[in-house]
Amino acid sequence: MNKIGKLITTVVIVAFALALAGMVAVASGRAANPVNGSLLAKLETISTQNLRATAISPADVYGDEWSTAFIVCPGVEADDISQALSINAADLGIEGTVEDNDNYLLVRKDAGQTYAEHFDRHELDLCSGQPVPSFDSRQMIPLLKTEDGGWVLAG
């Protein structure tokens, strides 16, 4: 191989190495999403299939490693959540008293890591029925679509 061929080969290899290093640096700088998905995103997919009733397990949405689920309804105090779960509710975005139009689904790993997804009750109302204690995240949550296009807990 002549000198120009060696130079071109070297430049291509160096450019490839720099591009690879850049991709690794960008990927490591992103905060990893602790869960596999979003319940609202799952419900949007179901809506496109024109289904008006469904049942979803939190484990299917967020991942099997999230073993326990909790529904947090309006009126619940962040301090009560913090005490009950031995966490700082503010770290989950829950501060003060949960407002009338808000509700949350919390999922928790056996190791104690907790994740919260917030819902506007017009989009998803998990507090339309009887209060639900903590439950196994593999348990199905029955949901019905409302006339307004939102979803409510069935039963």
Side-chain angles (χ1 to χ4, degrees), residues 16-155:
F16 178 75
L18 289 174
L20 187 60
M23 288 187 287
V24 169
V26 168
S28 66
R30 290 186 195 145
N33 190 356
V35 296
N36 292 342
S38 158
L39 183 54
L40 277 182
K42 186 77 160 177
L43 290 173
E44 287 174 15
T45 301
I46 291 168
S47 290
T48 63
Q49 298 169 352
N50 293 322
L51 296 175
R52 302 204 48 81
T54 190
I56 300 174
S57 77
D60 287 342
V61 174
Y62 302 110
D64 290 332
E65 66 275 14
W66 301 93
S67 58
T68 308
F70 309 85
I71 294 173
V72 178
C73 293
V76 173
E77 296 286 335
D79 290 341
D80 294 338
I81 296 167
S82 295
Q83 288 179 345
L85 300 179
S86 300
I87 60 168
N88 183 358
D91 292 343
L92 302 174
I94 305 171
E95 297 180 0
T97 304
V98 176
E99 300 289 329
D100 287 340
N101 289 327
D102 297 330
N103 58 157
Y104 295 84
L105 180 62
L106 278 57
V107 288
R108 189 169 201 172
K109 292 182 178 180
D110 288 334
Q113 182 183 4
T114 306
Y115 173 79
E117 187 173 359
H118 167 264
F119 308 104
D120 180 299
R121 289 183 71 192
H122 295 101
E123 292 179 303
L124 175 59
D125 186 356
L126 296 172
C127 301
S128 60
Q130 295 291 328
V132 179
S134 65
F135 58 97
D136 186 313
S137 68
R138 294 170 295 185
Q139 184 177 337
M140 301 297 269
I141 301 173
L143 299 168
L144 297 173
K145 192 160 191 176
T146 66
E147 296 289 326
D148 298 329
W151 292 88
V152 296
L153 183 65

Beyond-backbone contact of Asp102 with Pro74, side-chain heavy atoms, under 4.5 angstrom: no
Flag, side chain of Thr97 to backbone of Glu77, donor-acceptor distance under 3.5 Å: no
Step-by-step side chain to side chain contact (heavy atoms under 4.5 Å, CB included) determination, Val152 to Leu143: CA-CA 5 Å; Val152 296; Leu143 299 168; over 6 Å; no
Which atom of Glu123 lies closest to which atom of Leu40, heavy atoms considered: OE1-CD1, 3.8 Å
Interatomic spacing from OG in Ser67 to CG in Asp110 - rounded to 0.5 Å: 3.5 Å
Between CG on residue Leu126 and CG on residue Asn103, distance to nearest 0.5 Å: 5.0 Å
Inter-residue atom distance Phe135.CZ - Ile71.CD1, 0.5 Å rounding: 4.5 Å
Side chains of Thr68 and Ser134 in contact at under 4.5 Å (non-hydrogen atoms): yes
Test side-chain contact (heavy atoms from CB on, under 4.5 Å) applied to Gln49 - qualifying residues, sequence neighbours left out: Thr45, Leu51
Validation row: Val72, Leu105 side chains within 4.5 angstrom (heavy atoms): no
Rounded distance [0.5 Å steps], CD1 in Ile94 versus OH in Tyr104: 5.0 Å
Least distance between heavy atoms, Trp66 atom then Gln113 atom: CZ3-O, 3.3 Å
Closest non-hydrogen atom pair between Ser128 and Leu153, with its separation: OG-O, 3.0 Å
Contact check, side chains of Phe119 and Leu39, non-hydrogen atoms, under 4.5 Å: yes
Closest contact, heavy atoms only, Val107 versus Pro58: CG1-CB, 4.0 Å
Test side chain to side chain donor-acceptor pair (under 3.5 Å) applied to Asp136 - qualifying residues, sequence neighbours left out: Arg138
Expected output: side-chain Asp125 to main-chain Cys127 donor-acceptor under 3.5 Å: yes
Ser57 (side chain) donor-acceptor with Gln139 (main chain) under 3.5 angstrom: no
Separation between CG of Leu43 and OG1 of Thr54, rounded to the nearest 0.5 Å: 7.5 Å
Over 12 foreign heavy atoms within 6.0 Å of NZ, Lys145: yes
Residue pair Asn101 / His122, side-chain heavy-atom distance below 4.5 Å: yes
Main-chain N/O of Leu85 paired with Arg108 side-chain donor or acceptor, under 3.5 Å: yes
Separation of Ile81 CD1 from Glu95 CD (nearest 0.5 Å): 11.0 Å
4.5 Å side-chain heavy-atom contact, Tyr62 and Ser38: no
Heavy-atom pair with the smallest gap, counting every atom of Arg52 and Thr146: NH2-O, 3.5 Å
